[in-house]
Amino acid sequence: MATNKTFYLETFGCQMNAHDSEKVIGTLRQEGYRQVETEEDAGLILYNTCSIRDKAEQKVFNRLNDYKKLHKQGKRFGVLGCVAQQEGEKIFERAPYVSLVSGSASYRKLPEMLTRLEAGESRITGLDDRQTDETFETEFTARQNPYRGYITIIEGCDKFCSYCVVPYTRGKERSRSSSSVLDEARRIADLGYTEIQLLGQNVNSYRDPEGKSSFAELLAVVGEVPGIRRVRFTTSHPRDFTRDIVEAIDRVPTLCDHVHLPIQSGSARVLKRMAREYTPEWYLERIAWIKAARRPISLSTDIIVGFPGETEDDFIQTMDLLAEVEYDCVFAFKYSARPNTPSLVMIDTVPEEEKGKRLQVLLERQREIQRANYSKQIVEILEVMIEGANAQRGQIAGRSTQNKPVNINWTQPIAPAPGSYLRVRITGAYPNSLIGEMF
Ligand code: SAH
Ligand code: SF4
Ligand code: F3S
């Protein structure tokens, strides 16, 4: 048996996956494993996978293909995450050198699965699907960032949008107790973290199993933890976006001036076919609440172009919505037909080329919107959390409370440490970032 207790882990996909990996790394270390930087150096090679779109899913099979030769040296392979849950034992057929396949709803069983792996078993599965009510919590989380700490507050999804794999890959919606979330927030604040990011597929669908706090109340108490200067939360679902979230942001200064609220499409007809269960009007009402807040709250969204049956007119409605909301950031994707999902049987009417064209048109228009938005901030004084330096350009880089990248021209010999906060005067703007100098 040649796992020699070293592992390599590569992560694909969303922040939930990135944070799951932090918990998986912590669990492996606790079991006596050491992390290494390359596949070649590892006894156990793990991929934490994403299957949100076909391209994402293909990445893991490409990786497995590239490195399968290492199996001959006795190295073991494990596939974790959303592709693992989705494909299950089929992965063993497609890649017989894989020994472990586990979805995120089974990670609490990792120590047991590792013991079986070490004993030489070769077809180990953790495929708890929608049955499980448990969340994955560990005190050994190996946080990769020393000042921004992720905390998962809700796992899974019960919304079943017609295009989406997540309800199948992540299991049913289940929240952690507010007291365990608050304990973790206090614990990481004591370790010196100043920013907390609360995570969930739909973070604002949070329902405290202890019945103590609503999502807005939880936001507020986390924001009041001594030492915490910034609290972010992602992703919010329009269906569950309540007015008290905006009231909490108004009341608690540490809650960041940013809401990510995916719309997916500006057409009521398409939203219906997507099973999003809201209309553009319902969505825009929530946007109006956010825009009426006392502080300027930055808005971002996700869009899918080329959903089956999306007409030119539907697409124009999406473009009109973008113009109306004036987002600071848009993540736009071409529709990708996914296994198990209801939209798979809908006829994919929009040719690939047309999807690409719509995506291009949308991104170009959005770039102009952002150019205008960002340039309005010139001369403002912002607080920036420093993330790193770009020595070549003589700049240090950070983010504003609105989550906008800010590059600061820096001429002094010593740059401020990552994780520190600076007051910065904005002197220039691009469509995706601001330029500033120390105030
Ligand atoms: N729970 C969040 C989204 C999580 S998935 C929400 O409901 O808003 C992240 C984004 O991936 C989605 O917002 C959507 O825009 C995109 N996405 C999901 N499934 C997709 C698919 N089949 N094809 C293209 N994009 C997809
Ligand atoms: Fe997917 Fe919809 Fe759930 Fe978001 S709400 S994760 S898009 S099913
Ligand atoms: Fe991908 Fe799974 Fe996240 S499908 S986007 S890793 S929830």
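Start at 1 and go down the list; that is how both ligands and their atoms are numbered.
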Student: Quick one: does Tyr374's side chain get under 4.5 Å of Leu434's, heavy atoms only?
Tutor: yes
Student: So which heavy atom in the protein is nearest atom 14 (C) of ligand 1, and how far is it from that ligand atom?
Tutor: Gln264 OE1, 3.4 Å
Student: For ligand 2, which part of Arg276 has a heavy atom less than 4.0 Å away: the side chain, the backbone, both, or neither?
Tutor: side chain
Student: Out of curiosity, is Lys334 lining ligand 1, as in a heavy atom under 4.0 Å away?
Tutor: yes
Student: Heavy-atom distances under 4.0 Å decide this one: backbone, side chain, both or neither, for Pro262 against ligand 2?
Tutor: neither
Student: To which protein heavy atom is atom 22 (N) of ligand 1 closest, and what is the distance rounded to 0.1 Å?
Tutor: Ser336 O, 2.8 Å
Student: Considering the heavy atoms of Phe160, write down every atom of ligand 2 situated less than 4.0 Å from one of them.
Tutor: 8 (S)
Student: Show me which atoms of ligand 2 lie under 4.0 Å from any heavy atom of Gln201.
Tutor: 6 (S)
Student: Against heavy atoms of His237, which atoms of ligand 2 measure under 4.0 Å?
Tutor: 5 (S)
Student: Work out whether the distance between some heavy atom of Arg170 and some atom of ligand 3 is less than 4.0 Å.
Tutor: yes
Student: So is there a nitrogen or oxygen of Arg276 less than 3.5 Å from a nitrogen or oxygen in ligand 1?
Tutor: yes
Student: Between the candidates Asn202, Val166, Ile304, which shows the shortest non-hydrogen contact distance to atom 4 (Fe) of ligand 2?
Tutor: Asn202
Student: Are any of the side-chain heavy atoms of Phe7 and Leu9 separated by less than 4.5 Å?
Tutor: yes
Student: What residue and atom, counting heavy atoms only, is the protein's closest point to atom 1 (Fe) of ligand 2, and at what distance?
Tutor: Cys164 SG, 2.3 Å
Student: Where on Met16 is there a heavy atom closer than 4.0 Å to ligand 3, on the side chain, on the backbone, on both, or on neither?
Tutor: neither
Student: At their closest point, which heavy atom of Phe136 faces which heavy atom of Val24, and how far apart are they?
Tutor: CE2-N, 4.3 Å
Student: Do Lys75 and Glu40 meet the salt-bridge criterion of a basic N to acidic O distance under 4.0 Å?
Tutor: no
Student: Look at the side chain of Ser177 and the backbone N and O of Ser180, then say whether any donor-acceptor pair between them is shorter than 3.5 Å.
Tutor: yes
Student: Can a donor-acceptor pair be found, under 3.5 Å and without considering hydrogens, that links the side chain of Asn17 to the backbone of Thr49?
Tutor: yes
Student: Salt bridge check: are Arg232 and Glu195 linked by an N-O gap of less than 4.0 Å?
Tutor: yes
Student: Of all the non-hydrogen atoms in the protein, which one sits nearest to atom 3 (Fe) of ligand 3, and at what distance?
Tutor: Cys14 SG, 2.3 Å
Student: Using 4.0 Å as the upper bound for N to carboxylate O, is an ion pair formed by Arg273 and Glu310?
Tutor: no
Student: Can you tell me how far apart CD (Glu326) and CD (Gln366) are? Round to the nearest 0.5 Å.
Tutor: 9.5 Å
Student: With the threshold set at under 4.0 angstrom, would you say Gly81 reaches ligand 3 through any of its heavy atoms?
Tutor: no
Student: Is there at least one pair of N or O atoms, one from Tyr335 and one from ligand 1, spaced under 3.5 Å apart?
Tutor: no
Student: Quick test: of every protein heavy atom, which one is nearest to atom 8 (O) of ligand 1, and how far off is it to 0.1 Å?
Tutor: Pro262 CG, 3.1 Å
Student: Going by the atom numbers of ligand 1, which of them fall below 4.0 Å from some non-hydrogen atom of Gln201?
Tutor: 1 (N), 2 (C), 4 (C)
Student: Does this structure show an ion pair linking Asp133 with Lys172, if we count only N-O contacts that are shorter than 4.0 Å?
Tutor: yes
Student: May I ask you to identify, for Phe333, whether its side chain, its backbone, both or neither come under 4.0 Å of ligand 1 on a heavy-atom basis?
Tutor: side chain
Student: Is it the case that the side chain of Asn202 and the backbone of Ser205 share a donor-acceptor pair, with hydrogens and angles ignored and the cut-off at 3.5 Å?
Tutor: no
Student: Between Arg399 and Asn403, is there a donor-acceptor pair closer than 3.5 Å when you use the side chain of the first and the backbone of the second?
Tutor: yes
Student: If you count the atoms of ligand 2 from 1 in the order shown, which ones are under 4.0 Å from a heavy atom of Pro167?
Tutor: 8 (S)
Student: Could you check whether Glu134 pairs with Arg176 (Lys NZ or Arg NE/NH1/NH2 to Asp/Glu carboxylate O, under 4.0 Å)?
Tutor: no
Student: Check whether any N, O or S atom of Cys82 sits under 2.8 Å from atom 3 (Fe) of ligand 3.
Tutor: no
Student: Do Arg338 and Glu57 have side chains that approach each other closer than 4.5 Å (heavy atoms only, starting at C-beta)?
Tutor: yes
Student: Would you call Asp257 and Lys404 a salt bridge, using N to O less than 4.0 angstrom?
Tutor: no
Student: Using distance alone, determine whether Tyr163 and ligand 1 share an N or O pair under 3.5 Å.
Tutor: yes
Student: When you check the gap from the basic side-chain N to the acidic O, do Arg371 and Glu368 get nearer than 4.0 Å?
Tutor: yes
Student: Could you find the nearest protein heavy atom to atom 5 (S) of ligand 1 and give me its residue, atom name and distance?
Tutor: Ile52 CD1, 3.6 Å
Student: With atoms numbered from 1 as shown, which atoms in ligand 1 lie under 4.0 angstrom from a non-hydrogen atom of Asn202?
Tutor: 1 (N), 2 (C), 6 (C), 7 (O)
Student: How far is atom 7 (S) of ligand 2 from its nearest protein heavy atom, and which residue and atom name does that atom have?
Tutor: Tyr163 OH, 3.3 Å
Student: With a cut-off of 2.8 Å, does Cys161 place any N/O/S atom under that distance from atom 2 (Fe) of ligand 2?
Tutor: yes
Student: Quick one: which ligand 1 atoms are inside 4.0 Å of a heavy atom on Arg53?
Tutor: 11 (O), 16 (C), 17 (N), 23 (N), 24 (C), 25 (N), 26 (C)
Student: Does ligand 3 have any atom that is closer than 4.0 Å to a heavy atom of Gln15?
Tutor: no
Student: Would you please indicate yes or no on a ring centroid separation below 6.0 angstrom for Tyr283 and Phe241?
Tutor: no
Student: To which protein heavy atom is atom 3 (Fe) of ligand 2 closest, and what is the distance rounded to 0.1 Å?
Tutor: Cys157 SG, 2.3 Å
Student: Can you tell me which residue and heavy atom of the protein come closest to atom 9 (C) of ligand 1, and the distance to 0.1 Å?
Tutor: Asp302 OD2, 3.7 Å
Student: Which protein heavy atom lies closest to atom 1 (Fe) of ligand 3, and at what distance to 0.1 Å?
Tutor: Cys50 SG, 2.4 Å
Student: Run the numbers for me: atoms of ligand 1, each under 4.0 Å from some heavy atom of His237, listed by number.
Tutor: 7 (O)
Student: Please determine whether salt bridge (Lys or Arg N to Asp or Glu O under 4.0 Å) holds for the pair Arg358 and Glu354, giving the CA-CA distance in whole Å, both sets of side-chain angles, and the decisive distance to 0.1 Å.
Tutor: CA-CA 6 Å; Arg358 288 183 191 173; Glu354 177 62 22; 2.9 Å; yes
Student: Is any side-chain N of the basic residue among Arg365 and Asp320 closer than 4.0 Å to the acidic one's carboxylate O?
Tutor: no
Student: What are the atoms of ligand 1, with element, lying closer than 4.0 Å to any heavy atom of Arg338?
Tutor: 22 (N)
